[in-house]
Amino acid sequence: CVFNIFNNVCEPCLMFTAVLTICAPILANECVEIVDVNVYDTHSECVERAVQMFHSTQLILPPPYSKVFYECDSKFKKA
């Protein structure tokens with residue numbers, strides 16, 4: 001958290017959750033959304049994790065893919 005010196009309160013920091021979406025013919029051209037269970041302090045850590053998730057997912061959901069995209073969702077906050 002970030003300590004606010006003006007009101008002596010510890011305010012929550014933004015945290016990022018990696019979300020990977022893969023669409024593939026093997027899924028009848030549907031998409032699967034994979035949400036990481038961890039949260040990350042920085043956007044760059046989240047992006048790095050999304051890339052790791054993509055590489056790991058290829059073992060259980062092999063290419064070809066019709067679409068692959070990720071987002072680093074900052075809706076989650078750490079108290």
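Hydrophobic clustering of Ile, Leu, Val, Met, Phe, Trp and Tyr side chains at less than 4.5 Å, counting indirect connections, unites Tyr65 with Ile26. Linking ILVMFWY side-chain heavy atoms closer than 4.5 Å, directly or via other members, places Val39 and Met53 in two distinct hydrophobic clusters.
Of all heavy-atom pairs spanning Arg49 and Ala18, the tightest one is CG-CB, 4.2 Å. Shown here for Glu33 and Val19, the closest heavy-atom pair between the two residues is CG-CG1, 3.5 Å. Taking every heavy atom of both residues into account, Pro25 and Pro64 meet most closely at CD-O, 3.3 Å. Closest approach of Cys31 and Thr21 over heavy atoms only: CB-CG2, 4.0 Å. Closest non-hydrogen pair, Asp41 versus Met15, comes out as OD1-CE, 3.0 Å. What you find for Asn29 and Ser66 is that their closest heavy atoms are OD1-OG, 4.0 Å.
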Q) After noting the C-alpha distance and the side-chain angles of Val32 and Leu27, does the key distance pass the side-chain contact (heavy atoms from CB on, under 4.5 Å) rule? A) CA-CA 8 Å; Val32 62; Leu27 299 170; 4.0 Å; yes
Q | From CA spacing to verdict: side-chain contact (heavy atoms from CB on, under 4.5 Å), Thr17, Val37 | A | CA-CA 8 Å; Thr17 300; Val37 296; over 6 Å; no
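Val47 is listed as a side-chain neighbour of Cys72, based on a closest heavy-atom distance under 4.5 Å. Contact check for Thr57 versus Phe54: no side-chain heavy atoms found under the 4.5 Å cut-off.
Listed for the Ser74 side chain is no donor-acceptor partner under 3.5 Å among the backbone atoms of Phe16.
In this structure, SG in Cys23 is found 10.0 Å from CG in Leu61, a value given to the nearest 0.5 Å.
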